[in-house]
Amino acid sequence: MSRTAAVPGLRIWHLVAVLSAMSAPLVIMYAFQIIDSVASPAPGALWPTGFDLNNWRFLWESVDSGRPGIWQVTFNTFVFASVTSLSVCAFSLTAAYALSRLNFPARRFFLAGLIVLHAFPTITLIIAIFIILQYLGLYDTLAGVILVKAALELPFGIWIMKGFYDTVPWEIEMAGVQDGASRFRVWWSLVLPQVQPGLAALLIISFLSGWSEFVLPLVLAPGAGAQVLATYMNAVIASETTQDFGLFKAIGMFYTRPVIVIYLIFQKRLMNIYGGGTKG
Amino acid sequence: MSRTAAVPGLRIWHLVAVLSAMSAPLVIMYAFQIIDSVASPAPGALWPTGFDLNNWRFLWESVDSGRPGIWQVTFNTFVFASVTSLSVCAFSLTAAYALSRLNFPARRFFLAGLIVLHAFPTITLIIAIFIILQYLGLYDTLAGVILVKAALELPFGIWIMKGFYDTVPWEIEMAGVQDGASRFRVWWSLVLPQVQPGLAALLIISFLSGWSEFVLPLVLAPGAGAQVLATYMNAVIASETTQDFGLFKAIGMFYTRPVIVIYLIFQKRLMNIYGGGTKG
Amino acid sequence: MELILSKFTKRFGATTVISEMDLHVGAGEMLALLGPSGCGKSTTLFAICGIHRMDGGSLHFGDRDVTTLPAQRRSVKVVFQNYALYPHMSVSDNIAFPLRVKRHDRATITRKVGAIAELVHIGELLDRKPAQLSGGQQQRVALARAMVREPDVLLLDEPLANLDAKLRLEMRTEIRRVQRETGITAILVTHDQVEAMSMCDRIALMRAGQIEQLATPVQMYENPANQFVAGFMGNPPISFLPAHLGERITLSGGNSLPRPDRLAGQGPITLGLRPEHLGPQFGQGLRGTITFVEPQGREDLIDVRLTGGEALRAILPSGHGHAIGDSVDWGVRGDRLLAFSTDGERI
Amino acid sequence: MELILSKFTKRFGATTVISEMDLHVGAGEMLALLGPSGCGKSTTLFAICGIHRMDGGSLHFGDRDVTTLPAQRRSVKVVFQNYALYPHMSVSDNIAFPLRVKRHDRATITRKVGAIAELVHIGELLDRKPAQLSGGQQQRVALARAMVREPDVLLLDEPLANLDAKLRLEMRTEIRRVQRETGITAILVTHDQVEAMSMCDRIALMRAGQIEQLATPVQMYENPANQFVAGFMGNPPISFLPAHLGERITLSGGNSLPRPDRLAGQGPITLGLRPEHLGPQFGQGLRGTITFVEPQGREDLIDVRLTGGEALRAILPSGHGHAIGDSVDWGVRGDRLLAFSTDGERI
């Protein structure tokens, strides 16, 4: 309560207006898509003129005989996103704990490396990844893309989880050890429950990131067997035989729906990632 | 010091080994590129057989007459990355301050929205963005791509800066107000110096992110005038007339060098982003 | 400068935290706002310095109505509990900041910073950064920064809470010395009654947004208005015993005390007995057993359980020779006995 | 269970923090490790409980050598300053955790948790989460969790530092009561001399990794080994005055005191004078002016500046009638006068 009163010079409606203006472009874009997907636009016009469900035909018929159906692709996307996020979480949980608790010599180096890896241009690694995947026999398989995506997401995951581990007081672990528990038991029963909010947020975020991934599946799994929604959409728009903006927008709607739903359901959990707090 | 001793059950070399194993794939990939770029591989072989600087010819001659020279493209990339990161920083600094300090009604909503925006699949927005950019006359210009990239990076920037603002004690601002300073002066002279480490880290990270961006320039500025290194590389590999893996890898080396250099120079500053501390 | 707060009301949302509070602080006086956490003392402080808006009532500094003036334009300074030093500035820049904001010229700034640094004894620390200072030194810098523009009113928000026991003793004296030497009007917000008693001319003891008693430290200790005040003041705290007022003051277990003349009426009462007013030097009357002896250096705290089961605490100079388990029959100092009605009012 | 620490040495990197320290704590005794921050008291505690490895020396619990035993297998428990309760578990799960780890059966756990909760008076809080408890209640839970497996040795790391003044007083008594009732061997680490004196059987006062004096509270207060000990014990602190030992004890400004017989030798000395041993009740001898009066309720702290310029502090029961600026000529209690050589050793 006191916070609000503490900043007398800044009006609240003022701020809401500024932030709204800043988020407006994204909201408008999304509104465009919703309208367009169920409308038949006059050619070249910005505003739609009629109502038309034809764009949603991909749900019940195959758009292109050379490609798998939408449901197969959606299933692939789901597998890709969930396996990726689960592996990222599993690795981050352990690596971040080590980074948070131990003061080993190269600690600083690893930590800074994590950030850079997160910002490293994927495209420059593509060739090497390509060769390695082919060597491992994982090129053009979902497993290969998952492996690469998880490796690239890992730095972010470790970084987030480290923030949460850092907030768990050191004394709690020492108390657990004094209580006779093994290191593993301490971590599992005493520390983990306290970083659980961070874990949930990371799970959601890396799921969303996997769901949205485009470049990796495009380059590393171009075949029909490992198509995900992003590459499917790309195929729809790129293919000259089926090019159809209305269809593309409808698929886009279908594609982004889980993101919106997850956002609405897990809004509160996502909030936890700020501050890395344990208030749950 | 006491931290190290505090975890007797976990050996440090053990941990270093695990972390090294986890980072190994990326290091190996990068090593591959370095070797390959100055080697002439036997066709189909994994290991190089000779030494060859021919791959680096792009530095002094044009690879493809239909495309701009490497130096023009590098300049474009630099402009793209720096303008993007400066705008992201400028907006994040102000918006994050407001979010950190004020308790306006929709605060929670905005905060959770930020995270989702960061994870939103860009590809589904592409059409809408495409239409809007064309409407504004910014399609196929660097300015247009910068605008879109900055908008998409903004959530991450606000989120990072909010973490730093949150660590500045509220009393410092009140002390400044008591000292007779205006709200702006308080922010500029008293608060800003304390979030400066975060600002530096954000500047670097968003520069790197801009430097690495591939999809947006590819889709929104496909013409020759606004080429950046990522799309240039894509063109090299995609074009059937010039397809050359050795050349591609050498450009990749050239492309990633700034990332490595920035990492080595700013390692300490990047570290600040953890914990959101003010220790500088 | 005199400070007059009239009918001050503060609401947070639907809750009224303080309603129609009046407070008058004389020029050059140091007044303590004392009370348990949540009693509204900080709210009052924030209203005086302009951080909180007042929902009702008025505030005058001398003749000047500052009720609606923004914080920047009130001549009032707060020393915050965490000092709120600017961590990126040196000590001298910290102290000079309020002067720089008012665009004083360089020579004046140097002179004033030097003078105030001399006053609070930090002359040799001017080039350091706040992080290089001890808690007590940071406290002094915060005080210097607050005083350098010679405000009408100085507010101190739990200034000693972050210091250790020894420094607290030292800074208590220091703050009071600076306040006396400059003759500034000051308000100290604290939850520690020893701090309030030792530093201030008068104390306003608050509870739940109300001032329970406003008096000098000695008056408040010796003559508390009600049971809450008596229980809040004094360390070790006063003991309360249920008793019956008749011919004598009767306790359970067969103990009784002579009835002081000044106590009127009869019926059930709560007896308040301070530890220093119980002991063998006051004769006999209360029989019991010693349950605990806590040495404190120059004196010992002694817990006594009376034959009726009531727990009492006495304080005796060390060397008294009593040990745990001893049976005692001690008297009380009758003229200092406090009595309260069952609803807590002083009789 | 007896605790014997012999020739304990601890290094951090190249710095030797503690070298060859010996400490013996009797069975059922409560000992305070007292000292300013950085004196090595926490390091000693962490070595005893097994968090730090010892770089030299040995540690025995009774006859058992536990020097190299991991923390899990020593029968020793720490109550941490921040309590270190497990925030996601209820109070009863917190207390039961050490028993669950040892796979006690459900009935035993319930019984033991109930018994220990009764002992520390938190029987009615068992279903709450730590966040729903007050500071004192959290402290009790931490104590219960530490005691439930009946460790040989209980270590308390500044257990009262996070409590407010009133609770501190209460928990001090409580912890001591639980320690006495269970007869456990306990070590209290603290920087507060009042805490150490009021809670412990003996005090080990540490400075820079060395034990300066190991004695009972009363001995340490009345008979300090050196100037550091004398200055550390006592609140308000002792005053030190430069003086010259000859026929009489001569101070600057023409003040002098009779020389107690027990003081041998002559030359420059440092005189140590506790506040309660200065005042009009001890005759005359020291002339000066009152510079400050701090009321504390039942007594007042009085600062006196002697004619020679030395600052002294006296403590008098309230109602003494002196005010700032009064000239006084007060005596001292000669048998309690402390004298130190110029290098700080007791004469």
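A, B, ... follow the sequence lines: proteins, then strands. Residue 1 opens every chain.
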At a heavy-atom separation under 4.5 Å, does [X] approach chain C through its side chain, its backbone, both, or neither?
X        : result
D/Asn235 : both
D/His277 : neither
D/Arg336 : neither
D/Pro236 : both
D/Arg274 : neither
D/Gln193 : neither
D/Gln296 : both

Does any N or O in the side chain of D/Thr185 come within less than 3.5 Å of the main-chain N or O of D/Gly28, such that one atom is a donor and the other an acceptor?
-> yes
Donor-acceptor pair, D/Asp300 side chain versus D/Leu316 backbone, under 3.5 Å?
-> no
For chain C, which of D/Met220, D/Glu294, D/Glu222 has the most heavy-atom pairs under 4.5 Å?
-> D/Glu294
Which of D/Gly297, D/Pro237, D/Ala196, D/Ser37 touches chain C most, by non-hydrogen pairs under 4.5 Å | D/Gly297
Anything under 30° is parallel, anything over 60° is perpendicular, the rest tilted; go ahead and classify C/His320 against C/His322.
-> parallel
Ion pair check, C/Lys41 and C/Asp157, cut-off under 4.0 Å = no
Using 4.0 Å as the upper bound for N to carboxylate O, is an ion pair formed by D/Asp335 and D/Arg333?
-> yes
Find the one option among C/His191, C/Met199, C/Met233, C/Arg180 whose heavy-atom pairs under 4.5 Å with chain D are most numerous.
-> C/Arg180
Can you name the one residue among C/Arg207, C/Glu212, C/Gln213 that meets side-chain hydrogen bond (donor to acceptor under 3.5 Å, both in side chains) with C/Asn226?
-> C/Glu212
The side chain to side chain contact (heavy atoms under 4.5 Å, CB included) partner of C/Leu338 among C/Thr270, C/Ile238, C/Asn223 is C/Ile238
